[in-house]
K.L.:
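Provided herewith is a single structure, encoded as C-alpha coordinates, for subsequent inquiry.
All values reported here derive from a predicted model rather than from experimental measurement. The basis for the numbers below is simple: all heavy atoms, side chains too, and nothing from hydrogens, waters or symmetry mates.
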Amino acid sequence: MKTTCEYYDTCELPQETAVQGHCTAAKAAKEGTLNSAASSGPKHKCLNLQTYKFHALGDYLNTICQCGTTDNYMTQPVNPPRQKHDRTLPSHHYHIAESSQMPVDIPSWLNSLAGDRAIQDFFDHLKDHLLERILGVDYTGNVPIFLDGDRDNLIISQNVMYKHQTLHVNYTIYDLHWEQDMINPHTHADIMLLSHETDNLHHPYWYAHVIRIFHVNVQYYGDNHSSDGMQQMNMLFTWGSGFAARWPYWVGFIPEDDPDTFGFLDPDLIIHGVHLIPAFSLRQTAEYLGPSFI
(Lines give C-alpha, C1' and ligand atoms only; values in the text may rest on other atoms or scores of the structure.)
Protein backbone atom coordinates (compact mmCIF):
# COMPACT_ATOMS: atom_id res chain seq x y z
CA MET A 1 0.00 0.00 0.00
CA LYS A 2 2.92 2.33 0.70
CA THR A 3 4.29 1.73 -2.81
CA THR A 4 0.85 2.31 -4.34
CA CYS A 5 0.43 5.55 -2.42
CA GLU A 6 3.81 6.87 -3.58
CA TYR A 7 3.07 5.94 -7.18
CA TYR A 8 0.17 8.42 -7.43
CA ASP A 9 0.70 12.15 -7.16
CA THR A 10 -2.31 13.29 -5.13
CA CYS A 11 -3.02 16.81 -3.94
CA GLU A 12 -5.71 18.96 -2.35
CA LEU A 13 -9.03 19.52 -4.07
CA PRO A 14 -9.48 22.95 -5.72
CA GLN A 15 -11.98 23.92 -3.00
CA GLU A 16 -9.46 23.07 -0.28
CA THR A 17 -6.73 25.07 -2.05
CA ALA A 18 -9.04 28.07 -2.40
CA VAL A 19 -10.01 28.00 1.28
CA GLN A 20 -6.38 27.70 2.33
CA GLY A 21 -5.51 30.65 0.07
CA HIS A 22 -8.24 32.83 1.55
CA CYS A 23 -7.11 32.03 5.09
CA THR A 24 -3.45 32.75 4.28
CA ALA A 25 -4.33 36.04 2.57
CA ALA A 26 -6.52 37.14 5.46
CA LYS A 27 -3.79 36.34 7.98
CA ALA A 28 -1.20 38.21 5.91
CA ALA A 29 -3.46 41.26 5.60
CA LYS A 30 -4.07 41.28 9.34
CA GLU A 31 -0.34 41.07 10.13
CA GLY A 32 0.64 43.53 7.38
CA THR A 33 2.96 41.06 5.63
CA LEU A 34 3.22 39.97 2.01
CA ASN A 35 1.24 36.90 1.03
CA SER A 36 3.85 34.66 -0.54
CA ALA A 37 2.14 31.35 0.18
CA ALA A 38 -1.14 32.09 -1.58
CA SER A 39 0.23 31.18 -5.02
CA SER A 40 2.21 28.13 -3.95
CA GLY A 41 -0.43 25.79 -5.43
CA PRO A 42 -2.21 22.80 -3.93
CA LYS A 43 -0.48 20.86 -1.20
CA HIS A 44 0.61 17.28 -1.73
CA LYS A 45 -1.64 14.76 0.07
CA CYS A 46 -0.83 11.18 1.01
CA LEU A 47 -2.96 8.30 2.28
CA ASN A 48 -3.65 8.56 6.01
CA LEU A 49 -4.56 5.28 7.70
CA GLN A 50 -4.83 6.85 11.16
CA THR A 51 -8.55 7.58 10.80
CA TYR A 52 -11.69 6.10 12.32
CA LYS A 53 -13.03 5.10 8.90
CA PHE A 54 -10.06 2.77 8.33
CA HIS A 55 -10.20 1.55 11.93
CA ALA A 56 -13.88 0.51 11.53
CA LEU A 57 -13.40 -1.12 8.12
CA GLY A 58 -13.36 -4.63 9.59
CA ASP A 59 -16.75 -4.09 11.25
CA TYR A 60 -18.64 -3.04 8.13
CA LEU A 61 -19.66 -6.56 7.07
CA ASN A 62 -21.03 -7.59 10.48
CA THR A 63 -22.87 -4.29 10.83
CA ILE A 64 -24.59 -4.74 7.46
CA CYS A 65 -25.60 -8.31 8.40
CA GLN A 66 -27.08 -7.17 11.72
CA CYS A 67 -28.65 -3.83 10.83
CA GLY A 68 -28.94 -3.82 7.04
CA THR A 69 -27.47 -1.34 4.62
CA THR A 70 -27.24 2.26 5.73
CA ASP A 71 -29.92 3.44 3.30
CA ASN A 72 -32.50 1.75 5.62
CA TYR A 73 -31.79 3.80 8.72
CA MET A 74 -30.14 6.91 10.06
CA THR A 75 -28.46 8.00 13.30
CA GLN A 76 -30.16 11.40 13.34
CA PRO A 77 -32.44 11.85 16.39
CA VAL A 78 -36.11 11.24 15.63
CA ASN A 79 -37.61 14.39 14.12
CA PRO A 80 -35.71 17.10 16.04
CA PRO A 81 -37.69 20.33 16.55
CA ARG A 82 -37.55 22.69 13.60
CA GLN A 83 -37.73 25.91 15.61
CA LYS A 84 -35.91 26.83 18.76
CA HIS A 85 -39.02 28.12 20.52
CA ASP A 86 -40.59 24.62 20.29
CA ARG A 87 -38.08 23.34 22.84
CA THR A 88 -39.08 23.06 26.47
CA LEU A 89 -36.98 23.49 29.57
CA PRO A 90 -34.66 20.52 30.29
CA SER A 91 -36.23 20.27 33.75
CA HIS A 92 -39.51 19.22 32.07
CA HIS A 93 -39.38 15.72 30.70
CA TYR A 94 -42.13 16.36 28.17
CA HIS A 95 -44.37 19.10 26.88
CA ILE A 96 -47.94 19.09 25.57
CA ALA A 97 -49.45 22.38 24.46
CA GLU A 98 -51.93 23.96 26.85
CA SER A 99 -54.70 23.96 24.30
CA SER A 100 -58.38 23.02 24.38
CA GLN A 101 -59.06 23.72 20.72
CA MET A 102 -59.85 20.11 19.77
CA PRO A 103 -62.44 18.79 22.27
CA VAL A 104 -63.72 15.24 21.91
CA ASP A 105 -67.03 14.33 23.52
CA ILE A 106 -66.24 10.86 24.83
CA PRO A 107 -69.75 9.24 24.63
CA SER A 108 -70.39 10.60 21.11
CA TRP A 109 -66.95 9.56 19.90
CA LEU A 110 -67.34 6.03 21.26
CA ASN A 111 -70.81 5.70 19.69
CA SER A 112 -69.40 6.70 16.31
CA LEU A 113 -66.82 3.90 16.59
CA ALA A 114 -69.14 1.17 17.85
CA GLY A 115 -67.76 -2.28 17.03
CA ASP A 116 -64.16 -1.10 16.75
CA ARG A 117 -61.97 -3.45 18.80
CA ALA A 118 -59.55 -0.64 19.61
CA ILE A 119 -62.08 1.24 21.78
CA GLN A 120 -63.60 -1.74 23.60
CA ASP A 121 -64.05 -0.81 27.31
CA PHE A 122 -62.34 2.50 26.48
CA PHE A 123 -64.05 4.53 29.22
CA ASP A 124 -63.35 2.00 31.98
CA HIS A 125 -59.71 1.65 30.91
CA LEU A 126 -59.37 5.44 30.84
CA LYS A 127 -60.69 5.81 34.38
CA ASP A 128 -58.55 2.91 35.64
CA HIS A 129 -55.46 4.57 34.18
CA LEU A 130 -56.30 7.94 35.75
CA LEU A 131 -57.07 6.36 39.13
CA GLU A 132 -53.78 4.46 39.07
CA ARG A 133 -51.88 7.75 38.75
CA ILE A 134 -54.04 9.78 41.15
CA LEU A 135 -53.79 7.14 43.89
CA GLY A 136 -50.03 6.75 43.39
CA VAL A 137 -50.05 3.09 42.34
CA ASP A 138 -46.64 2.06 40.98
CA TYR A 139 -46.66 1.41 37.24
CA THR A 140 -45.92 -2.21 36.32
CA GLY A 141 -47.51 -2.41 32.89
CA ASN A 142 -50.61 -4.12 34.31
CA VAL A 143 -53.26 -1.52 35.11
CA PRO A 144 -55.20 -2.49 38.27
CA ILE A 145 -58.93 -3.04 37.84
CA PHE A 146 -60.92 -0.67 40.03
CA LEU A 147 -64.48 -1.14 41.22
CA ASP A 148 -67.37 0.80 39.72
CA GLY A 149 -67.64 2.75 42.98
CA ASP A 150 -64.05 3.97 42.63
CA ARG A 151 -64.66 4.92 39.01
CA ASP A 152 -67.78 6.86 39.97
CA ASN A 153 -65.67 8.94 42.36
CA LEU A 154 -63.58 10.17 39.44
CA ILE A 155 -65.23 13.02 37.56
CA ILE A 156 -64.09 13.87 34.03
CA SER A 157 -65.19 17.42 33.32
CA GLN A 158 -68.15 17.38 30.90
CA ASN A 159 -67.05 13.89 29.74
CA VAL A 160 -64.72 15.63 27.32
CA MET A 161 -61.10 14.90 26.44
CA TYR A 162 -58.90 17.20 24.37
CA LYS A 163 -56.81 15.97 21.46
CA HIS A 164 -53.29 17.19 20.68
CA GLN A 165 -51.27 16.87 17.50
CA THR A 166 -47.78 16.51 19.01
CA LEU A 167 -45.85 15.68 22.16
CA HIS A 168 -42.27 16.87 22.78
CA VAL A 169 -40.02 14.61 24.85
CA ASN A 170 -36.67 15.71 26.32
CA TYR A 171 -33.89 13.19 26.87
CA THR A 172 -30.12 12.96 27.32
CA ILE A 173 -28.09 11.42 24.49
CA TYR A 174 -24.92 9.32 24.82
CA ASP A 175 -22.55 12.32 25.00
CA LEU A 176 -24.60 13.93 27.82
CA HIS A 177 -26.13 16.56 25.56
CA TRP A 178 -29.83 17.32 25.73
CA GLU A 179 -32.04 16.43 22.76
CA GLN A 180 -35.76 16.47 22.04
CA ASP A 181 -38.07 14.20 20.03
CA MET A 182 -41.42 15.23 18.63
CA ILE A 183 -44.02 12.46 18.78
CA ASN A 184 -46.78 12.73 16.19
CA PRO A 185 -49.39 9.94 15.91
CA HIS A 186 -49.51 10.38 12.13
CA THR A 187 -45.81 10.65 11.26
CA HIS A 188 -43.53 9.66 14.19
CA ALA A 189 -45.69 7.55 16.49
CA ASP A 190 -43.32 4.90 17.89
CA ILE A 191 -41.85 5.28 21.38
CA MET A 192 -39.84 3.25 23.88
CA LEU A 193 -40.01 2.92 27.67
CA LEU A 194 -38.38 0.76 30.32
CA SER A 195 -39.61 -2.81 30.54
CA HIS A 196 -41.22 -3.86 33.83
CA GLU A 197 -40.90 -7.58 33.23
CA THR A 198 -38.96 -9.53 35.86
CA ASP A 199 -37.99 -12.83 34.19
CA ASN A 200 -34.34 -13.44 33.29
CA LEU A 201 -34.93 -13.41 29.52
CA HIS A 202 -36.95 -10.20 29.37
CA HIS A 203 -36.12 -7.46 26.90
CA PRO A 204 -34.93 -4.27 28.67
CA TYR A 205 -37.37 -2.02 26.79
CA TRP A 206 -41.00 -1.95 25.74
CA TYR A 207 -42.15 -0.31 22.54
CA ALA A 208 -45.50 1.29 21.78
CA HIS A 209 -47.32 2.94 18.90
CA VAL A 210 -49.06 6.19 19.87
CA ILE A 211 -52.60 6.32 18.45
CA ARG A 212 -53.78 9.58 20.04
CA ILE A 213 -52.52 12.25 22.46
CA PHE A 214 -55.14 13.51 24.92
CA HIS A 215 -55.62 15.49 28.09
CA VAL A 216 -58.61 15.53 30.42
CA ASN A 217 -59.65 17.71 33.34
CA VAL A 218 -60.52 15.51 36.31
CA GLN A 219 -61.40 15.63 39.99
CA TYR A 220 -61.41 12.70 42.39
CA TYR A 221 -63.60 12.29 45.48
CA GLY A 222 -62.49 9.32 47.58
CA ASP A 223 -62.73 8.18 51.19
CA ASN A 224 -59.02 8.58 51.87
CA HIS A 225 -58.00 10.84 49.02
CA SER A 226 -59.48 13.80 47.21
CA SER A 227 -58.03 16.26 44.73
CA ASP A 228 -58.19 20.01 45.15
CA GLY A 229 -60.34 21.15 42.26
CA MET A 230 -60.01 20.11 38.65
CA GLN A 231 -56.57 19.07 37.45
CA GLN A 232 -55.30 18.48 33.94
CA MET A 233 -53.93 15.02 33.24
CA ASN A 234 -52.14 14.13 30.01
CA MET A 235 -52.13 10.63 28.58
CA LEU A 236 -51.36 8.65 25.45
CA PHE A 237 -53.72 6.14 23.88
CA THR A 238 -51.40 3.43 22.57
CA TRP A 239 -51.38 0.16 20.69
CA GLY A 240 -49.94 -1.98 23.45
CA SER A 241 -47.76 -0.69 26.26
CA GLY A 242 -45.06 -2.64 24.50
CA PHE A 243 -44.68 -4.56 21.28
CA ALA A 244 -43.92 -8.26 21.55
CA ALA A 245 -40.11 -8.16 21.57
CA ARG A 246 -38.16 -10.94 19.85
CA TRP A 247 -34.49 -11.70 19.37
CA PRO A 248 -32.56 -10.23 17.68
CA TYR A 249 -34.48 -7.05 18.41
CA TRP A 250 -37.57 -7.69 16.34
CA VAL A 251 -40.85 -6.23 17.51
CA GLY A 252 -44.39 -6.93 16.39
CA PHE A 253 -47.87 -5.63 17.09
CA ILE A 254 -49.85 -7.42 19.80
CA PRO A 255 -52.96 -9.15 18.35
CA GLU A 256 -56.30 -7.44 18.93
CA ASP A 257 -57.69 -10.28 21.08
CA ASP A 258 -55.05 -9.73 23.76
CA PRO A 259 -56.59 -7.75 26.69
CA ASP A 260 -53.50 -5.55 26.92
CA THR A 261 -53.37 -4.65 23.24
CA PHE A 262 -54.75 -1.12 23.66
CA GLY A 263 -54.34 1.08 26.68
CA PHE A 264 -53.18 4.36 28.15
CA LEU A 265 -49.71 5.55 29.06
CA ASP A 266 -48.35 8.37 31.21
CA PRO A 267 -46.12 10.55 28.94
CA ASP A 268 -43.61 10.74 31.80
CA LEU A 269 -42.71 7.08 31.20
CA ILE A 270 -41.43 7.68 27.67
CA ILE A 271 -37.65 7.52 27.19
CA HIS A 272 -37.72 8.92 23.65
CA GLY A 273 -39.06 8.21 20.19
CA VAL A 274 -37.76 5.34 18.08
CA HIS A 275 -37.37 4.70 14.37
CA LEU A 276 -38.53 1.16 13.62
CA ILE A 277 -37.48 -0.34 10.29
CA PRO A 278 -40.29 -2.33 8.62
CA ALA A 279 -39.57 -6.01 7.96
CA PHE A 280 -40.34 -5.78 4.24
CA SER A 281 -39.68 -9.49 3.69
CA LEU A 282 -42.70 -10.37 5.90
CA ARG A 283 -45.03 -8.22 3.77
CA GLN A 284 -48.25 -6.63 5.03
CA THR A 285 -50.90 -8.39 7.12
CA ALA A 286 -54.34 -7.68 8.61
CA GLU A 287 -54.33 -10.53 11.12
CA TYR A 288 -53.49 -8.35 14.14
CA LEU A 289 -56.38 -5.86 13.80
CA GLY A 290 -59.64 -5.81 11.87
CA PRO A 291 -61.36 -2.67 10.50
CA SER A 292 -60.52 0.22 12.82
CA PHE A 293 -60.15 4.01 12.98
CA ILE A 294 -56.43 3.54 13.65
Side-chain angles (χ1 to χ4, degrees), residues 1-95 166-184 187-192 204-205 207 247-251 270-281:
M1 183 174 290
K2 182 178 180 181
T3 303
T4 302
C5 183
E6 293 178 349
Y7 179 79
Y8 292 97
D9 183 19
T10 55
C11 59
E12 290 181 318
L13 296 173
Q15 300 95 315
E16 295 174 318
T17 304
V19 171
Q20 183 66 27
H22 290 316
C23 293
T24 303
K27 183 178 179 181
K30 183 177 180 180
E31 297 176 352
T33 60
L34 294 177
N35 183 9
S36 59
S39 59
S40 59
K43 293 182 179 179
H44 178 74
K45 303 287 286 187
C46 60
L47 178 64
N48 180 12
L49 300 182
Q50 303 302 317
T51 63
Y52 175 76
K53 183 180 291 187
F54 181 78
H55 171 77
L57 188 61
D59 299 319
Y60 288 178
L61 179 60
N62 289 336
T63 302
I64 293 173
C65 292
Q66 293 178 8
C67 305
T69 55
T70 54
D71 57 350
N72 272 343
Y73 61 90
M74 60 181 180
T75 57
Q76 178 182 351
V78 178
N79 197 21
R82 292 172 291 179
Q83 299 181 5
K84 189 173 182 179
H85 61 73
D86 283 335
R87 291 180 176 268
T88 59
L89 295 176
S91 57
H92 299 158
H93 179 53
Y94 75 91
H95 171 71
T166 59
L167 161 72
H168 297 267
V169 180
N170 296 326
Y171 64 99
T172 304
I173 58 179
Y174 68 95
D175 58 359
L176 302 183
H177 285 99
W178 168 60
E179 193 49 84
Q180 184 182 91
D181 282 349
M182 184 176 72
I183 310 301
N184 184 318
T187 57
H188 297 87
D190 299 323
I191 58 174
M192 65 185 295
Y205 302 106
Y207 302 88
W247 184 263
Y249 305 115
W250 279 26
V251 294
I270 300 175
I271 298 177
H272 55 65
V274 293
H275 175 66
L276 298 177
I277 305 170
F280 297 106
S281 62

K.L.:
Which distance, rounded to the nearest 0.5 Å, do you find between the CD of Gln180 and the NE2 of His93?
P.N.:
11.0 Å

K.L.:
Taking Thr166 as the fixed residue, which of His188, His95, Met182 is the one that meets the side chain to side chain contact (heavy atoms under 4.5 Å, CB included) rule?
P.N.:
Met182

K.L.:
Roughly how far, to the nearest 0.5 Å, is the CG atom of Leu276 from the CD1 atom of Ile191?
P.N.:
10.5 Å

K.L.:
Assess the side chains of His44 and Asp9: does a donor N or O sit below 3.5 Å from an acceptor N or O?
P.N.:
yes

K.L.:
Please name the pair of heavy atoms, one in Gly273 and one in Ile183, separated by the smallest distance, quoted to 0.1 Å.
P.N.:
CA-CD1, 3.8 Å

K.L.:
Over all heavy atoms of both residues, which pair between His92 and Asn170 is shortest? Give the atoms and the distance, please.
P.N.:
O-ND2, 2.5 Å

K.L.:
Starting at NE2 of His22, measure out to OG1 of Thr17 and round the result to the nearest 0.5 Å.
P.N.:
10.5 Å

K.L.:
Which pair of non-hydrogen atoms, one from His272 and one from Tyr171, has the smallest distance, and what is that distance?
P.N.:
CB-CD2, 3.5 Å

K.L.:
Which heavy atom of Glu12 sits nearest a heavy atom of Glu16, and at what distance?
P.N.:
CA-OE1, 3.5 Å

K.L.:
Let me see the working for Asp181 and Ile270 under side-chain contact (heavy atoms from CB on, under 4.5 Å), right down to the final yes or no.
P.N.:
CA-CA 11 Å; Asp181 282 349; Ile270 300 175; over 6 Å; no

